[in-house]
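Notes follow once the structure below has been shown.
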Amino acid sequence: MIQDKSAKILLAFFGISLGLIVVTPMLYPPGTFSGLDGRPGLMDHDWGSYGAGGIVYAIGDLLCHQESARSFFLNGNQLPFCIRDKGLLIGLVGGLVIVYREGVSSGELRRLLFGLLLLVPTAAEYAVEHMLDMNLPILRFILGMVSGFGAALILGYALYKNAGREAPL
């Protein structure tokens, strides 16, 4: 079934991405990657001299703000993505495992609605943090995982909503 293959490809892609995000800081001396603060959508740093690990950090630089105060550190190095993005990716991978295991039942409308509902807490947390100028890293990480799981349910619905139905001629 093409949906199973697609779910497997998504799971492999995001799982490998998650692994690279965790492993890369461990491959460099402590202090190599810190103070990465920047803006999403812009390449704020030159990553050419860091080899393959520089590619992982360049992707993080392009897609994430990488604020030090909002990032985890491993081996004395800042991760290439912020806490919320890391939580989103963990939740997405975990959710995709369930989507793959559940298969066709992932195409049920209730899964889509539940996935959408799981996005709300992160949106609310984001608004509260910015309105009140608060920094709640653990809550940001946990709610990122919740929203990542919700995103996986939404992807599962998109993949499986027409599974088992005859294709029109």
Side-chain angles (χ1 to χ4, degrees), residues 6-7 9-26 33-45 47 53 55-102 105-161:
S6 298
I9 290 169
L10 285 171
L11 180 57
F13 174 77
F14 288 114
I16 290 168
S17 298
L18 180 60
L20 288 171
I21 290 167
V22 172
V23 169
T24 302
M26 306 296 275
F33 302 110
S34 63
L36 304 179
D37 296 18
R39 294 161 295 184
L42 298 173
M43 193 69 70
D44 298 302
H45 306 281
W47 301 105
I55 295 169
V56 176
Y57 275 89
I59 293 168
D61 192 4
L62 191 60
L63 298 177
C64 180
H65 58 76
Q66 296 181 315
E67 289 182 35
S68 295
R70 295 173 179 253
S71 296
F72 287 133
F73 284 75
L74 283 175
N75 188 40
N77 289 312
Q78 184 177 335
L79 288 172
F81 288 86
C82 70
I83 290 172
R84 181 181 290 119
D85 291 351
K86 183 78 171 140
L88 283 165
L89 195 52
I90 291 169
L92 184 63
V93 169
L96 285 172
V97 167
I98 291 171
V99 163
Y100 177 69
R101 289 184 62 211
E102 296 290 318
S105 66
S106 293
E108 297 172 0
L109 182 60
R110 65 187 174 92
R111 299 275 180 115
L112 171 65
L113 297 175
F114 187 57
L116 290 169
L117 184 64
L118 291 177
L119 300 179
V120 173
T122 297
E125 175 267 329
Y126 178 86
V128 168
E129 274 196 358
H130 283 80
M131 287 186 331
L132 302 177
D133 195 31
M134 298 170 68
N135 186 11
L136 306 167
I138 300 303
L139 182 62
R140 187 179 315 115
F141 179 67
I142 292 168
L143 292 179
M145 286 192 294
V146 169
S147 285
F149 187 82
L153 293 180
I154 294 167
L155 281 172
Y157 175 78
L159 281 173
Y160 287 98
K161 68 180 176 181

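Here the structure is a predicted model, which means the values were calculated and not measured.
The main-chain N or O of Gly53 is never found under 3.5 Å from a side-chain atom of Thr24 such that the two would form a donor-acceptor pair. Side chain of Asp44 to main chain of Asp37: no donor-acceptor pair is present (N/O by atom type, distance under 3.5 Å, no hydrogens or angles). Put simply, the side chain of Ser147 never gets that close to the backbone of Val120: no donor and acceptor are under 3.5 Å apart. Remark: side-chain polar atoms of Glu67 are not paired, donor with acceptor, to backbone N or O of Cys82 under 3.5 angstrom.
The distance from atom CD1 of Ile83 to atom NZ of Lys86, rounded to the nearest 0.5 Å, is 11.5 Å. Distance check, rounded to the nearest 0.5 Å: CZ of Arg140 to CD of Glu129 gives 4.0 Å. The CG atom of Leu18 lies 11.5 Å from the CG atom of Leu88; values are rounded to the nearest 0.5 Å. For the atom pair CG of Leu153 and CG of Leu118, the computed distance is 6.5 Å after rounding to the nearest 0.5 Å. In this structure, CZ on Phe13 lies 10.0 Å from CG on Leu92, to the nearest 0.5 angstrom. Note: Arg39 CZ to Gln66 CD = 12.0 Å, rounded to the nearest 0.5 Å.
Counting heavy atoms from C-beta on, the side chains of Arg111 and Ser105 come closer than 4.5 Å. Looking at heavy atoms from C-beta onward, Ile154 lies in side-chain contact with Leu112 at the 4.5 angstrom threshold. Tyr157 is listed as a side-chain neighbour of Leu109, based on a closest heavy-atom distance under 4.5 Å. Between Leu143 and Arg84 the shortest side-chain heavy-atom distance does not fall below 4.5 Å. In this structure, Leu155 and Val99 have side chains that are not in contact, with every pair of non-hydrogen atoms separated by 4.5 Å or more. Contact check for Leu79 versus Asp85: no side-chain heavy atoms found under the 4.5 Å cut-off. A 4.5 Å side-chain heavy-atom check between Ile90 and Phe141 finds at least one atom pair inside the cut-off. Under the 4.5 Å side-chain criterion, counting only non-hydrogen atoms from C-beta, Leu11 is in contact with Val93.
More than 12 non-hydrogen atoms from other residues, nucleotides or ligands lie less than 6.0 angstrom from CZ of Phe73. For Phe72, the CZ atom counts as densely surrounded, since its 6.0 Å shell holds more than 12 non-hydrogen atoms of other residues, nucleotides or ligands.
Aromatic ring pairs are classed by plane angle as parallel below 30°, tilted from 30° to 60° and perpendicular above 60°; the pair Phe33 and Tyr57 is parallel. The aromatic rings of Trp47 and His45 sit perpendicular to each other, their planes meeting at more than 60°, with 30° as the lower class boundary.
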Intermediate values then yes/no, side chain to side chain contact (heavy atoms under 4.5 Å, CB included), Ile98 and Phe149 | CA-CA 9 Å; Ile98 291 171; Phe149 187 82; 3.5 Å; yes
Verdict with supporting geometry, Asp61 and Leu36, side chain to side chain contact (heavy atoms under 4.5 Å, CB included) | CA-CA 8 Å; Asp61 192 4; Leu36 304 179; over 6 Å; no
Take Phe14 and Leu96 through the side chain to side chain contact (heavy atoms under 4.5 Å, CB included) test and state the conclusion after the steps.
-> CA-CA 9 Å; Phe14 288 114; Leu96 285 172; 3.8 Å; yes
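Of all non-hydrogen atoms in Pro25 and Asn77, the two that sit nearest each other are O-ND2, 2.9 Å.
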